[in-house]
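For reference, positions follow the sequence shown, starting with 1. These numbers come from the heavy atoms of this one structure, side chains and all, not from hydrogens, waters or symmetry mates.
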Amino acid sequence: QVQLVESGGGLVQAGDSLRLSCAASGRTLSYYAAGWFRQAPGKERVFVAAISWSGKNTHYAESVKGRFTCSRDNTKNTVYLQMNSLKPDDTAIYYCAAGSSYSYHQRDYDFWGQGTQVTVSS
């Protein structure tokens, strides 16, 4: 089992940056691929970014490509999502997930955090 806790969310203005962290406890996170998903008000949860267990491979949703960067530090059991040039459309609850497959499908992730709110004002 892996327990995930996200942090780093908050209220920012358009154009600002935030870095989200996802800290794992229980089994080491290095055994798993990790992903970030987000759910905007009134909408379904959607894929944002994924990173392989080694960190060598990453994949991004088109809406965040070039602005967001996913990374990980397996020595700290933590995955990060650096978000630059934030837009009001990025407002959502951001969830971290871990699973055995490097994937953009929610169904491939077994463990989920509680989420952290990101609000971007115009």
Just how far is it from atom [atom1] of [X] to atom [atom2] of [Y], taken to the nearest 0.5 Å?
X: T58; Y: K65; atom1: OG1; atom2: NZ; value: 9.5 Å
X: S122; Y: Q13; atom1: OG; atom2: CD; value: 9.0 Å
X: F37; Y: H105; atom1: CZ; atom2: NE2; value: 9.5 Å

Please give me the minimum heavy-atom distance between [X] and [Y], naming the atom from each residue.
X: G35; Y: Y109; answer: N-CE2, 3.5 Å
X: Y94; Y: M83; answer: CE2-SD, 3.8 Å
X: G115; Y: I93; answer: CA-CG2, 3.9 Å
X: S103; Y: A50; answer: O-CB, 3.5 Å
X: D110; Y: S100; answer: OD2-N, 4.0 Å

By ring pair (Phe, Tyr, Trp, His ring centres under 6.0 Å), which residues pair with Y102, not counting sequence neighbours?
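If we apply the ring pair (Phe, Tyr, Trp, His ring centres under 6.0 Å) test to Y102, skipping adjacent residues, there are no hits.
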
Between I51 and W36, does a side chain to side chain contact (heavy atoms under 4.5 Å, CB included) hold up when you go through it step by step?
CA-CA 9 Å; I51 187 166; W36 288 94; over 6 Å; no

Side-chain touch [X]/[Y], heavy atoms, less than 4.5 angstrom:
X: L20; Y: V118; value: yes
X: L4; Y: L29; value: yes
X: V48; Y: L81; value: yes
X: Q39; Y: Y95; value: yes

Looking only at the aromatic ring of each residue, does the gap between the centers of Y32 and F111 stay below 6.0 angstrom?
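Centroid distance F111-Y32: below 6.0 Å, so yes.
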
Under the salt bridge (charged side-chain N to carboxylate O under 4.0 Å, His left out) definition, can you give me all pairs with a residue in residues 31-42, not counting sequence neighbours?
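The answer is R38-D90.
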
Taking atom NZ of K43 as the centre, does the number of heavy atoms from other residues, nucleotides or ligands within less than 6.0 Å exceed 12?
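No, NZ of K43 has 12 or fewer neighbouring heavy atoms, counting only those of other groups under 6.0 Å.
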
Could you tell me which residues satisfy salt bridge (charged side-chain N to carboxylate O under 4.0 Å, His left out) with R19, sequence neighbours excluded, listed by chain and number?
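R19 satisfies salt bridge (charged side-chain N to carboxylate O under 4.0 Å, His left out) with no other residue.
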
Do the side-chain N and O atoms of [X] and [Y] include a donor-acceptor pair separated by under 3.5 angstrom?
X: N84; Y: S17; answer: yes
X: Q106; Y: R45; answer: yes
X: T28; Y: N77; answer: yes
X: S101; Y: D108; answer: no

Side chain of [X], backbone of [Y]: donor and acceptor closer than 3.5 Å?
X: E6; Y: C96; answer: yes
X: T116; Y: G9; answer: yes
X: S7; Y: C22; answer: no
X: R67; Y: Q82; answer: no

Any ring pair (Phe, Tyr, Trp, His ring centres under 6.0 Å) involving residues 50-76? Give me the pairs, sequence neighbours left out, ordered by first then second residue.
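Of all non-adjacent pairs touching residues 50-76, those that pass ring pair (Phe, Tyr, Trp, His ring centres under 6.0 Å) are F47-H59, H59-Y104.
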
Qualifying disulfide bond (SG atoms under 2.5 Å apart) pairs, either residue in residues 30-92, two or more places apart
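Counting only pairs at least two positions apart or across chains, no disulfide bond (SG atoms under 2.5 Å apart) contact touches residues 30-92.
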
Partners passing side-chain hydrogen bond (donor to acceptor under 3.5 Å, both in side chains) against T119 (at least two apart in sequence or in another chain)
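side-chain hydrogen bond (donor to acceptor under 3.5 Å, both in side chains) check on T119 returns Q117.
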
